[in-house]
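Every value quoted in this text rests on a predicted model; they were computed, and no experiment measured them. Chain A is the first sequence line, chain B the second, and so forth, proteins listed ahead of strands; every chain is numbered from 1.
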Amino acid sequence: MIGIVVVSHSHALATAAVGLAAEMVAADNRPVIAVAAGLDEKTFGTDAVAVSEAIAAADSADGVLVLVDLGSAVLSAELALEFVDPEVAARARLTSAPLVEGLVAAVVTASTGASLDAVAAEAERGLLGKQEHLGSGPTPEPAAAVESGQGIEVVVSNKHGLHARPAARLVGLVNGYDARVTVTNLDTGHGPVDAGSLSMVATLNAIRGNLLRFAADGPEADEALAAINDLATENFGDDEPARFPARLGAPVEGDNGGSGLDVAFGPAVLAGDPVDISRYVAGDNESARLAAAVETVADELRRLRDASPDLGGIFEAQLALLTDPQQLKEIREVLDRGASAVNVWQLVFDRLAERFEALHDAYQRERAQDVRAVRDRVLRHLTGTTEDSPIQVETEQPAILVVPELDAATAATLDGRRFAGVAIRAAGTTGHGVIVGRSRGIPLITGIGDVAVPAGAVIAFDARKGSFEIEPDVARVRATIAEREAEQERAAAEAQLPATTIDGRTVAVLVNIGTVQDALSVRGADGSGLVRTELLFGERRTAPTVAEQVEAFRAIAAALPGKPITIRTWDVGGDKPLPFLPLDEEANPFLGERGLRAFRRRPELLRDQLEAVRQIAAEMPVHVMFPMVTTADEVAWALDELGPRPDGLKVGIMIEVPAAALRVATLTADLDFVSIGTNDLTQYVTATDRTNPAVAALADGLDPAVLQLVDHVVRNAGVPVGVCGDLASNPQAAVILAALGVHELSAIAPQVPLVKARLREADLRLIDTAAVLAARDGDQVRALL
Amino acid sequence: MIDKFTDWLRDSAKVLHENAAYLTELDSAIGDADHGANMDRGFAAVVAVLDETSFDSVDELLKKAGMTLVSKVGGASGPLYGTFFLRFGTALAGLSLTPESIGTGLRAGVDGVLARGKAELGDKTMYDAWAPALDAYDAAVAGSGDLGAALKAAAEASAKGRDATVPLEARKGRASYLGERSVGHQDPGATSTTLLLESAARTLA
């Protein structure tokens, strides 16, 4: 297979283009793609020496194709050919193909094993599809139609037509046969064109419902047509896109999950320590050893993927990290020079993890965990320590697993009968492992730091209180567990009762929704006070259509029949990226273009969402609210974007910014409600990044400064006030919020019955709100309850 | 002679640094506003190499300077000036340094620039400064045979060539996208070439 080099002035441009192109073909038959772009990650420019190194890295016996952007990229690439081995230079080809379109075409064509000539020709035709579509370029020449051969006709049933990915599947398949295949779009008259050419297939403009005629001749013409027919019946490999993102909330049938509590104790089992590679002895077959270990781990990951369809994406991603062909090629080259497999593997994956950790985006940073999980799996196989994994060790009583970080595979397979809970040293709650563990009801606590835990010592934690103890008073912990179990049972049994306090106040308790499953699994919710649309569609790479959004909202509303749902418009930025809304890199993302702010410059996505809201509002009770509002101008702009409101559509904003809390009276003239996001409000009021363990303790939602602002909002808003931050999920805090006059609380699904139960037991007259607001800190507030 | 060539590179770095803002300003009118910063970065890297390494011959020195520029300049002037110094150095290898051999080296370097950039006279590029400079140099060497006089003549001819780029319409590089709108602006590449030759006249003789 030929190699490919991308030369650009911009590192970001080149890596993004490679990412776009790499998506087109499966990882295991992707060509090696090397990048020489920018003087460094930030400085535009090209470096002929770097280009020559990239050419050497991507070189193969079949040759290497070099794509360039403009200006000095061309000159540097030419100069680079003077620097590489003449033999390599002779089989390297610079192409004038357009960078992005040419790269996509080149990657797809190269993956079929096509020759350098064929790949170069495809890359140079990269603009044809676009030119044909826009009617601005030369009309592509029809391929000489296959006259005497066989033919079939198929209908395009893909929702988005024969777009790039399915076209790539078709081209890859056609090029696998010794046959010449042409295709004609009988509905548009386009063609016949070479079905083995991505650029030519793109000129067909084949949309859903079009009838295509394939004709073939050559030794394998029949086989090729039969395979095309099969591919067409499978929508050209286009899986019907999952209608909703991974349903992490769904426990697997028969799954030995956890207790569902937030408290646990047991003897400590320490795991996740660095794999001991000191006793590894390198041999003369390091490449083969590594290949065997990689193959074994790949099998393991495939089994994990297939066993848990909901979580499959996580293991698929780990599989891609494991089997990245370029990386494996580079590693093999080093091994062939006599290096030790464990050393090289560890070094390469450590560097990769470091690169993830250097990323700006918190979610991306946590992907370093997946890299380390893959690293350690392979190292354990290489060193033969698999069997000694502490996770497999039998303990007499359910244990607490103590790990530096929880990887998804461990979380998905941890046996809840043998492990009572997991204590995680790292802070952060969006790691895949934490999400998976929580969805399986495994008690877990994060951010215990590097406290020394002796193996086998009994430890206990209470995530609700944030406490972690070594050698605790076991009787007391057992009592807490019994209490929580009773609370859970009682709350579940009485979930449908209204949350009416002893003194007769009824508080609406709603549910926060991030997946449709949240709406299906919750018990006793009076509606949804927060639909996190950015989570609902967060795994999509392209923006959902209006119709798709309406369908998702309808599914949520159907799970909560007759009850209102509050749709929050896209809340992006900060720690929540949306793949289909790239944002500029910012020095302080939490103070930057977050929430509503992100759409002032680019309102299109927001407009689509508001259209979906208006449509669903015509069918069922819906509220809409805008996140991250600071000024009255922003409110006016958002209302203007929303336009005329259908009957029954209530409109509100989130109060997260201290400025908005303080001047709430000036914001609500045209609003029906406000909802306080206590997580962000706390972070902004206390100037504390809650993901930073060094200061996270300062971000206490029960800090009286936060409660004073809640009190101020309740007194001055002039409209009903809700709370949808974490504070509303904490039964203890919920009572204080109710006492301060908050009308609605929106909690995470498992906490809804608990919050309702606690409110039913509360007498708000007995809460001394004056003392709460005058308290010196959060601890004093808790002591008052 | 190595010391003089070292002085030339150091003096050029200093002059390019002092003129970085000016070059960038010229480039912002018709290009991508990075020529000054690019040349400054590239020659600062050359000076860093000079500080760390000692060279046994002028040709090694010039080749190393060329490779450094290739890696550090970033814009089109990287491969162009890089090629100039690489070819200049290569042509001098094994020759004794005389006004004639230096002339041969300069011409080899400029031929490299021409091969790389594929520019012609009047395209509003650095070649518009190099070409008259080489002719003036050769004429002076044929006349007086004095290196100092030849370099001075080259620098003066280069400055005239530079000034003559003002009314031209650009036909190469980023400036060519502007077409007629590039008329009336002085070419930044011809300007930096003149700075290098003026520096040579001060330091090499």
Side-chain angles (χ1 to χ4, degrees), chain A residues 5-15 17 34-58 66-86 88-90 92-96 98-99 127 136, chain B residues 24 27 30-42 44-46 49 63-87 89-90 109 111-119 125-127 170-178 188-189:
Chain A
V5 172
V6 177
V7 181
S8 167
H9 282 68
S10 156
H11 186 80
L13 174 64
T15 47
V35 164
L39 293 190
D40 55 47
E41 291 191 4
K42 294 262 159 76
T43 314
F44 292 156
T46 61
D47 168 359
V49 176
V51 179
S52 68
E53 287 164 1
I55 291 174
V66 184
L67 291 114
V68 295
D69 62 2
L70 66 166
S72 73
V74 186
L75 302 185
S76 290
E78 284 181 328
L79 184 54
L81 291 183
E82 296 180 13
F83 296 158
V84 296
D85 268 355
V88 174
R93 174 95 51 94
L94 306 190
T95 170
S96 62
L99 187 69
L127 285 179
S136 61
Chain B
T24 289
D27 195 28
I30 57 173
D32 48 0
D34 62 3
H35 188 56
N38 286 350
M39 293 297 284
D40 188 19
R41 178 174 53 231
V46 170
V49 169
K63 279 191 269 187
K64 182 66 188 176
M67 284 307 286
T68 306
L69 294 176
V70 159
S71 276
K72 298 294 179 188
V73 170
S77 43
L80 291 171
Y81 280 119
T83 300
F84 169 79
F85 281 103
L86 280 170
R87 299 278 173 96
T90 306
D111 284 346
V113 170
L114 214 49
R116 182 74 52 231
K118 303 190 171 71
T125 70
M126 64 169 74
Y127 184 59
R171 286 197 290 261
K172 282 282 166 194
R174 212 73 72 93
S176 64
Y177 296 150
L178 290 176

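The 12-atom threshold is exceeded at NZ of B/K63, counting heavy atoms of other residues, nucleotides or ligands nearer than 6.0 Å. Under a cut-off of 6.0 angstrom, the local environment of CD in A/E41 is sparse, with at most 12 non-hydrogen atoms contributed by other residues, nucleotides or ligands.
The line from CG of B/D34 to OG1 of A/T43 is 11.0 Å long, rounded to the nearest 0.5 Å. To the nearest 0.5 Å, atom CD of residue A/E82 and atom CG of residue B/L86 are 8.0 Å apart.
In this structure, no portion of A/A50 lies under 4.5 Å from any heavy atom of chain B. Residue B/L69 does not touch chain A at all, counting heavy-atom pairs closer than 4.5 Å. Of the atoms belonging to B/K172, not a single heavy atom falls under 4.5 Å from chain A.
Without hydrogens or angle criteria, A/S72 side chain to B/G74 main chain gives a donor-acceptor distance under 3.5 Å.
Residues A/L39 and B/R41 form a side-chain contact, since some pair of their non-hydrogen atoms from C-beta on lies under 4.5 Å apart. The shortest side-chain heavy-atom distance between B/V70 and A/F83 falls under the 4.5 Å cut-off.
Among all heavy-atom pairs drawn from A/L75 and B/G117, the shortest one is CD2-CA, 4.4 Å.
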